Every structure is written in C-alpha cells, then in structure tokens.
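Step one of this worksheet: look at the structure below.
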2 protein chains.
Amino acid sequence: MVNVGDFLKTNGIKPSYQRIKIYEFLMNNKEHPTVETIYNALNGQIPTLSKTTVYNTLKIFIDKGIAMAITIDEIEVRFDAHMDMHGHFKCEQCNTIYDFNVNFEGALSDELNDFEITEQQMFFYGICKKCKNHS
Amino acid sequence: MVNVGDFLKTNGIKPSYQRIKIYEFLMNNKEHPTVETIYNALNGQIPTLSKTTVYNTLKIFIDKGIAMAITIDEIEVRFDAHMDMHGHFKCEQCNTIYDFNVNFEGALSDELNDFEITEQQMFFYGICKKCKNHS
DNA sequence: TATTAGTTTGTAATCATTACAAATTGATAG
DNA sequence: CTATCAATTTGTAATGATTACAAACTAATA
Ligand SMILES: [Mn+2]
Ligand SMILES: [Mn+2]
Ligand SMILES: [Zn+2]
Ligand SMILES: [Zn+2]
C-alpha cells in the first residue's frame with residue numbers, strides 16, 4: 001500500500017489522524033484485534049482517543065468495505081483489514097485466531113444460486129498445533 | 001427421533017420438563033431461534049419458566065454436543081439443534097437465516113493438518129431470493 | 001420421613017456496544 | 001485573518017444480552 005491516507009480517500013473516507021492510525025494498526029496486526037485491543041494500543045500515541053471513535057471508525061471501514069467484523073468470539077467482535085478470502089480458526093485453549101486459505105469452488109450446493117452473497121465467513125474451532133504439542 | 005427424554009438421557013442430560021420442551025422447540029424450529037424467542041414461545045406452556053433456565057439449558061446442550069451456538073448475528077446468539085454439517089445464510093434485509101448444504105472436501109488447504117478441528121461454521125451474508133424478487 | 005443432590009427461578013451485576021450531545025477540528029467564504 | 005458551517009472526536013449515559021449468585025423447589029435415595 002502506497003499511502004494509507006490516499007487509500008482511505010480512494011474509498012470515500014476522509015483520512016483523519018485517528019482513522020489513519022486505526023487502519024494502520026489493523027493492517028499491521030494479524031491478530032484480529034478487538035476494540036479494546038485497538039484502543040489500548042493507540043492510546044499511547046493518541047492520549048485523547050475515545051473508545052467511541054474506535055467503534056465509529058470501524059463501522060465506517062466496514063460500511064466502505066475495507067475491513068470486516070469477525071464474530072468468531074461470542075463475547076467481543078474482532079476486526080480484520082485483510083479482505084482477501086480466507087477462513088479463521090479459533091483455538092479454544094489459547095484463544096489465538098489463525099488465518100487459513102480456503103477455496104469455495106465446488107464446496108457449495110446450488111441452493112444459493114438465486115441469492116446475492118455479499119460476504120462469506122468460515123469459522124473453525126478446536127485446538128491449535130501449538131497447544132496440542134504443548135499438552 | 002423416538003423420544004426426546006430418552007435422547008437427552010443417552011447424551012448424559014437428565015430430562016427435566018423444561019429441558020425436554022426446550023429441546024423439542026429447537027428441533028421443530030428451523031428458524032435458529034434466540035434465547036428471547038425460545039423463552040417467549042415456551043412461556044405459555046411453562047408460566048414459571050425463567051430466562052436463566054433457557055440460558056443454562058442451552059449451555060448444557062452445547063456442552064453435550066446436541067446443539068450449537070450460531071454467532072452469525074452480532075447482537076444475539078442463535079441456536080440450532082440440527083447438527084448435520086450445513087452452512088447458514090443471513091439475509092441482511094429480512095434477517096431470515098437459511099440453511100444450505102456444503103461439502104468441505106477439497107475446499108481446505110493443508111494449513112490446518114495438525115490442528116484438531118472440533119467445530120466448523122460457515123456464515124454467508126447477503127440478500128435472499130425472496131427479498132431480491134420483492135424489491 | 002429425612003437428607004441430599006440436582007434443577008429452576010428471580011434478581012442483581014457485568015460488560016460490550018450504542019445513543020447522544022457537547023467540544024473540537026477542518027474547510028470554505030468573505 | 002475571521003466568521004461560519006459541517007465533519008469529526010470525545011465523554012458520559014443508556015441499552016441490552018449474558019452471567020453470577022443465592023434462594024426456592026424438585027427428585028432421588030436411604
Ligand atoms: Mn483474518
Ligand atoms: Mn441451521
Ligand atoms: Zn492454541
Ligand atoms: Zn430476505
């Protein structure tokens with residue numbers, strides 16, 4: 001990505017300081033952070049940051065299609081700026097969320113042929129490799 | 001299913017009146033009801049029913065593997081007693097949740113080979129056929 | 001019948017998220 | 001530069017789903 005500000009502009013989002021920082025954090029963080037995580041991480045650089053701004057900004061990102069909400073966790077929503085098609089695995093032991101590649105071709109029956117699909121999520125749950133070996 | 005009481009017993013759940021009614025409702029209801037829906041639907045037959053009982057019972061069902069939580073909605077969790085592998089489509093317009101068949105063979109890369117997968121969910125979002133035709 | 005464990009219930013607490021209005025910032029025109 | 005207006009940010013209060021907890025009730029057992 002050349003420039004986050006330009007990228008936001010391209011997507012119809014006015015690039016305020018907070019929005020740029022939040023998007024940068026999402027981009028550089030593959031951990032699918034929660035609002036709490038984002039807020040805590042940025043509160044150092046932006047001492048006046050409000051949690052409401054984080055919520056608002058994420059909502060804008062989602063509306064404009066440059067981020068997505070991951071409801072893999074029943075407690076908090078997680079966020080992802082990596083919009084390429086991929087699935088998520090949540091380890092029930094260490095709570096880490098892993099990305100994995102998936103290709104849907106042929107996996108789907110034709111029941112949804114007349115449905116307009118705007119988003120697809122694949123959530124797997126279980127025990128990750130690390131936790132399995134460690135126990 | 002021969003008998004819900006026996007089925008619960010088989011799965012290590014003592015078949016109380018409330019548990020039987022809640023499971024029957026889940027079984028006969030393909031709408032992926034919320035706790036609120038279940039509570040309202042059964043409150044007629046069981047006037048003393050407590051919402052806490054609905055929560056507790058569903059937790060037991062999930063622990064014992066005879067129901068699953070569907071976090072396709074960001075607000076409320078939905079529940080499903082149909083444990084055969086299938087995906088869920090949520091229409092953003094009418095909020096209906098549809099089932100659809102899916103077969104994962106070959107859709108997955110080998111990244112998760114050493115992971116223990118205990119559950120998999122597939123959530124699609126968009127506009128359903130009915131809403132598309134209606135507009 | 002008495003005892004005990006398991007179940008249900010109602011209420012209070014928790015906590016992620018949203019609503020809302022005031023404060024701040026940024027852009028634009030005179 | 002200054003005034004004006006819109007967009008953005010902020011803090012606080014409300015909302016509402018879920019959980020914690022303890023008392024009431026039920027079922028089983030001796
Ligand atoms: Mn991801
Ligand atoms: Mn279903
Ligand atoms: Zn793990
Ligand atoms: Zn619809």
Side-chain angles (χ1 to χ4, degrees), chain A residues 4-6 8-9 11-25 32-64 66-79 90 95 97, chain B residues 4-6 8-9 11-25 32-64 66-79 90 95 97:
Chain A
V4 171
D6 290 346
L8 294 180
K9 249 184 268 178
N11 287 93
I13 301 167
K14 189 175 288 187
S16 72
Y17 184 65
Q18 287 87 339
R19 288 172 181 174
I20 290 174
K21 288 301 174 190
I22 291 172
Y23 187 80
E24 279 177 352
F25 184 78
H32 311 91
T34 63
V35 164
E36 184 72 17
T37 308
I38 298 169
Y39 174 77
N40 289 335
L42 297 179
N43 207 18
Q45 308 172 52
I46 318 171
T48 65
L49 183 64
S50 161
K51 212 173 271 186
T52 301
T53 299
V54 180
Y55 276 105
N56 289 341
T57 302
L58 290 168
K59 188 160 294 177
I60 292 172
F61 288 174
I62 291 169
D63 284 350
K64 298 297 185 180
I66 65 168
M68 62 172 137
I70 311 277
T71 58
I72 197 169
D73 193 295
E74 279 183 39
I75 311 292
E76 292 169 287
V77 179
R78 290 164 170 279
F79 297 90
K90 180 184 176 194
N95 288 318
I97 292 182
Chain B
V4 171
D6 291 346
L8 294 179
K9 248 185 269 178
N11 287 92
I13 300 167
K14 189 176 287 189
S16 72
Y17 184 65
Q18 287 87 339
R19 289 171 181 174
I20 291 175
K21 288 300 174 191
I22 291 172
Y23 187 80
E24 279 177 350
F25 183 78
H32 311 91
T34 63
V35 164
E36 184 72 17
T37 308
I38 299 168
Y39 174 77
N40 289 335
L42 296 180
N43 207 18
Q45 308 173 50
I46 318 172
T48 64
L49 183 63
S50 162
K51 213 173 272 187
T52 301
T53 299
V54 180
Y55 276 105
N56 290 341
T57 302
L58 290 168
K59 188 159 293 178
I60 293 171
F61 288 174
I62 291 170
D63 284 350
K64 298 296 185 181
I66 64 168
M68 60 173 139
I70 311 277
T71 58
I72 197 170
D73 194 295
E74 279 182 38
I75 311 292
E76 292 168 287
V77 180
R78 290 163 170 280
F79 297 90
K90 181 185 175 191
N95 287 317
I97 292 182

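Every chain is numbered from 1 and lettered A, B, ... according to where its sequence line falls, protein lines coming before strand lines. Quick caveat: nothing in here was measured; it's all calculated off a predicted structure.
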Could you state the interatomic distance from OG1 (A:Thr52) to CG (A:Leu49), rounded to the nearest 0.5 Å?
9.5 Å

Rounded to whole Å, how long is the line connecting atom CG of B:Asn56 with atom P of D:dA22?
15 Å

Residues at least two apart in sequence or cross-chain that pass side-chain hydrogen bond (donor to acceptor under 3.5 Å, both in side chains) with B:Thr37, listed by chain then number, are B:Thr34

Among A:Val4, A:Val54, A:Ile46, A:Asn56, which residue meets the side-chain contact (heavy atoms from CB on, under 4.5 Å) test with A:Ile22?
A:Val54

side-chain contact (heavy atoms from CB on, under 4.5 Å) filter on B:Ala41, not counting sequence neighbours, yields B:Phe25

Please give me every residue in residues 66-78 of chain B whose heavy atoms get under 4.0 Å of an atom in DNA chain C, ordered by residue number.
none

List the residues meeting side-chain contact (heavy atoms from CB on, under 4.5 Å) with B:Asp6, not counting sequence neighbours, and say none if there are none.
B:Asn3, B:Lys9

Show me the pairs that pass salt bridge (charged side-chain N to carboxylate O under 4.0 Å, His left out) and involve residues 35-54 of chain A, at least two apart or across chains.
A:Glu36-A:Lys51

Drop me the distance from A:Met68's CE to A:Ile66's CD1, to the nearest 0.5 angstrom.
12.5 Å

Mind checking what makes salt bridge (Lys or Arg N to Asp or Glu O under 4.0 Å) contact with B:Asp73, not counting sequence neighbours?
B:Lys90

To the nearest 0.5 angstrom, please state how far the CD1 atom of A:Ile72 sits from the CD1 atom of A:Ile97.
5.0 Å

Among residues 43-51 of chain B, which residues get a heavy atom nearer than 4.0 Å to DNA chain C?
B:Thr48, B:Leu49, B:Ser50

With a 3.5 Å distance limit and no angle check, can you tell me whether A:Thr57 reaches the backbone of A:Thr53 through a side-chain donor-acceptor pair?
yes

Contact class for B:Glu36 (heavy atom, under 4.0 Å): base, sugar-phosphate, or nothing?
nothing

What string of B, S and - do you get for nucleotides 25-30 of chain D, 5' to 3', when a contact is any protein heavy atom under 4.0 Å?
------

Within the structure shown, what part of the strands sits under 4.0 Å from B:Thr52 by heavy-atom distance: base, sugar-phosphate, or nothing?
base

Could you give the distance from OH (A:Tyr55) to CD1 (A:Ile38), rounded to the nearest 0.5 Å?
10.0 Å

On DNA chain C, does the nearest nucleotide to B:Arg19 precede the nearest nucleotide to B:Tyr39 from the 5' side, or the other way round? Give the residue.
B:Arg19

Side-chain atoms of residues 12-21 of chain B: list all donor-acceptor pairs with protein atoms under 3.5 Å, sequence neighbours left out, distances to 0.1 Å.
{"residue": "B:Ser16", "atom": "OG", "partner": "B:Arg19", "partner atom": "N", "Å": "3.2"}
{"residue": "B:Arg19", "atom": "NH1", "partner": "B:Lys14", "partner atom": "O", "Å": "3.0"}

Output all residues satisfying ring pair (Phe, Tyr, Trp, His ring centres under 6.0 Å) with A:Tyr23, sequence neighbours left out; order by chain, then residue number.
A:Phe7, A:Phe61

Send over the distance from B:Leu58 CG to D:dT19 P, rounded to a whole Å.
11 Å

Heavy atoms of chain B, cut-off under 4.0 Å: which first and last nucleotide of DNA chain C, 5' to 3', fall inside that, if you could look?
C:dG6 to C:dT11

